[in-house]
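Let me begin by presenting the structure, written as structure tokens, before commenting on it.
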Amino acid sequence: MIDYADIIFGLAWGDEGKGKISNAISKNYDMVCRWNGGPNAGHTVYLGDKKYKTHIIPCGVFQNKLSVIGPNCVVNVDKFFDEINYLKYEGFDTSLIKVSEKAHIITQEHINYDLKVLKEKLGTTGQGIAPAYADKMLRVGKLAKDFIDKQYLWDGELKGKILCEGAQSFWLDINYGDYPYVTSSETLPYSACSLGFSPKKIRSIIGVAKIYDSKSGVDPLFPNSLLEDSALVKLIELGQEYGTTTKRKRLVNWLDLNRLISAVRKSGVTNLIINKCDTLEALNLFKIKVEYKNQPQLIEFDCLNSMKKYIFDHLSPYCEVIFSGNKSII
Ligand code: IMO
Ligand code: MG
């Protein structure tokens, strides 16, 4: 029996700092579970000054919590064990890590196809994600139960207080994102129930955003002309906007407030956390993109506080709004 489930997910194009939030609150739960995606994700966690990176294993492991990879995930077996060995070496209890028997396996053929056909066209992470999900849908996929040692297989039981940890984000969702510039899984809270609980059990939906936008991979919404704006180029460096998985430079843009409001409303966010306020403060330029009479427009503020107030006024009717400007705590 579960008490309740809280859900953390991203409200933009990934890399909003979901890992930081998940690590910060994991201690309040019995289990931390990933419901979507695979090694395309890259979650960065700081414990004190030490930086850790994971791709498939949920952040619960950093807080000694049962960490589950759910049936809607795709797993690269070699990378999974590389991550287990890395965490073991760093002193974490890897016996807490479990994979659903029904998660699908990413094969070398999936990776080859992704690298040959999709990476250039769509700017994928090249991890074989789309081909693995395609085979799942064609019902020719391979299941984790046949490839992962029994000790790491999950018995399918959810118990106590559950934290569901999303990967990728709202605008990368296969149904709601800007298809085809999306990933191949469901990134919104509705999909967390694929872990095996009723929607009635959802207590809080924690949406993680960033005070500016960024995107790695091909997307007409993020044209290369953004690199002509020297302030945005500076923001890439100040925010260290380089892919955790691919090391690619991410393109950045001013926060699209209309999109953020729409993502918050459609996904039913109860608590919104807006990260990287310190990065924008270091840039000392405060702009927001809004839509006015169907035309995009930039609003400029004289300081971070007045920008925060504007965001707060537009979002507080829908959810609690928290601003964060620290890389390890909320
Ligand atoms: P986290 O969980 C940012 C992007 C890729 C590409 C598109 C499809 O760290 O926020 P895929 O390999 O999934 O088929 O690529 O999705 N993408 C991410 N961008 N953060 C991620 O994960 C991402 N996972 C996939 O850049 O545009
Ligand atoms: Mg990331």
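Every heavy atom of this structure was used, including side-chain atoms; hydrogens, water molecules and symmetry mates were not. Note that the coordinates shown come from a computational prediction; the quantities given were computed from them, not determined experimentally. Numbering of residues begins at 1 and proceeds along the displayed sequence. Whatever order the structure lists ligands and atoms in, that order sets their numbers, starting from 1.
The two residues Leu272 and Leu11 make their nearest non-hydrogen contact at CD1-CD1, 3.3 Å.
Atom 13 (O) of ligand 1 has its closest protein heavy atom at Thr183 OG1, 2.6 Å. The protein heavy-atom contact nearest to atom 27 (O) of ligand 1 is Ser216 O, 3.0 Å. Of the protein's heavy atoms, Thr124 CA, 3.3 Å lies nearest to atom 15 (O) of ligand 1. The single protein non-hydrogen atom nearest to atom 7 (C) of ligand 1 is Val182 O, 3.7 Å, given as residue, atom name and distance. When hydrogens are left out, the protein atom nearest atom 12 (O) of ligand 1 is Thr125 OG1, 2.6 Å; that is the closest non-hydrogen contact.
The pair Lys287-Asp229 does not meet the salt-bridge criterion, since no charged nitrogen lies less than 4.0 angstrom from a carboxylate oxygen.
For the ligand labelled ligand 1, residue Arg250 lies outside the 4.0 Å heavy-atom shell. Heavy atoms of Gly123 come nearer than 4.0 angstrom to ligand 1 in at least one pair. Judged by the shortest distance from any of its heavy atoms, Asp15 lies inside the 4.0 Å radius around the atoms of ligand 1. Remark: distances from the non-hydrogen atoms of Gly42 to ligand 1 include one below 4.0 Å.
The number of heavy-atom neighbours closer than 6.0 Å to NZ of Lys27, taken from other residues, nucleotides and ligands shown, is above 12. More than 12 heavy atoms of other residues, nucleotides or ligands sit less than 6.0 Å from atom CG of Asp149. No more than 12 heavy atoms of other residues, nucleotides or ligands shown are found within 6.0 angstrom of NZ on Lys119. Atom OH of Tyr86 has more than 12 heavy atoms from other residues, nucleotides or ligands within 6.0 Å. Around the CD atom of Glu120, the shell of radius 6.0 Å holds no more than 12 heavy atoms that belong to other residues, nucleotides or ligands.
Annotation: Gln127 places no N or O atom under 3.5 Å from an N or O atom of ligand 1; distance criterion only. Below 3.5 Å of separation, one finds no N or O of Gly14 facing any N or O of ligand 1. Considering backbone and side-chain N/O atoms, Gln168 comes within less than 3.5 Å of an N/O atom of ligand 1. Close N/O approach between Asp114 and ligand 1 is not found [any backbone or side-chain N/O within under 3.5 Å]. Considering both main-chain and side-chain atoms, Asn40 comes within under 3.5 Å of ligand 1 through a nitrogen or oxygen pair. Residue Glu16 places no N or O, backbone or side chain, under 3.5 Å from any N or O of ligand 1.
Rounding to the nearest 0.5 Å gives a distance of 7.5 Å between OG of Ser324 and CD1 of Ile329.
Figure legend: cation-pi geometry between Lys215 and Phe222 absent, as NZ or CZ is not positioned both under 6.0 Å from the six-membered ring centre and within 45° of its axis.
Applying the 4.0 Å criterion to heavy atoms of Lys18 picks out, from ligand 1, the atoms 1 (P), 2 (O), 10 (O). Of all atoms in ligand 1, listed by their number and element, those nearer than 4.0 Å to a heavy atom of Ala167 are 2 (O). The atoms of ligand 1 that sit less than 4.0 Å from any heavy atom of Lys215 are 27 (O). Residue Ala41 approaches ligand 1 through these ligand atoms, each under 4.0 Å from one of its heavy atoms: 1 (P), 2 (O), 9 (O), 22 (O).
Only the side chain of Leu172 comes within 4.0 Å of ligand 1, counting heavy atoms alone; its backbone N, CA, C and O stay farther away. Only the backbone of Trp13 comes within contact range of ligand 1, with a heavy atom under 4.0 Å; no side-chain atom does. By the criterion of a heavy-atom distance under 4.0 Å, the side chain of His43, and not its backbone, is placed next to ligand 1. With a 4.0 Å heavy-atom cut-off, ligand 1 is reached by no atom of Lys53.
Between Phe81 and Tyr152, the ring-plane angle classifies as perpendicular under the 30° and 60° cut-offs.
Ring centroid separation for the pair Phe9 and Phe170 does not come in under the 6.0 Å cut-off.
With contacts defined as side-chain heavy-atom distances shorter than 4.5 Å, the pair Ile202/Ile7 qualifies.
Side-chain polar atoms of Gln168 and Thr183 form no donor-acceptor pair below 3.5 angstrom.
The angle Asp15:OD1 - the Mg ion (ligand 2) - Gly42:O amounts to 160°, with values rounded to 10 degrees.
One hydrophobic cluster, built from ILVMFWY side chains closer than 4.5 Å, holds both Val321 and Phe301.
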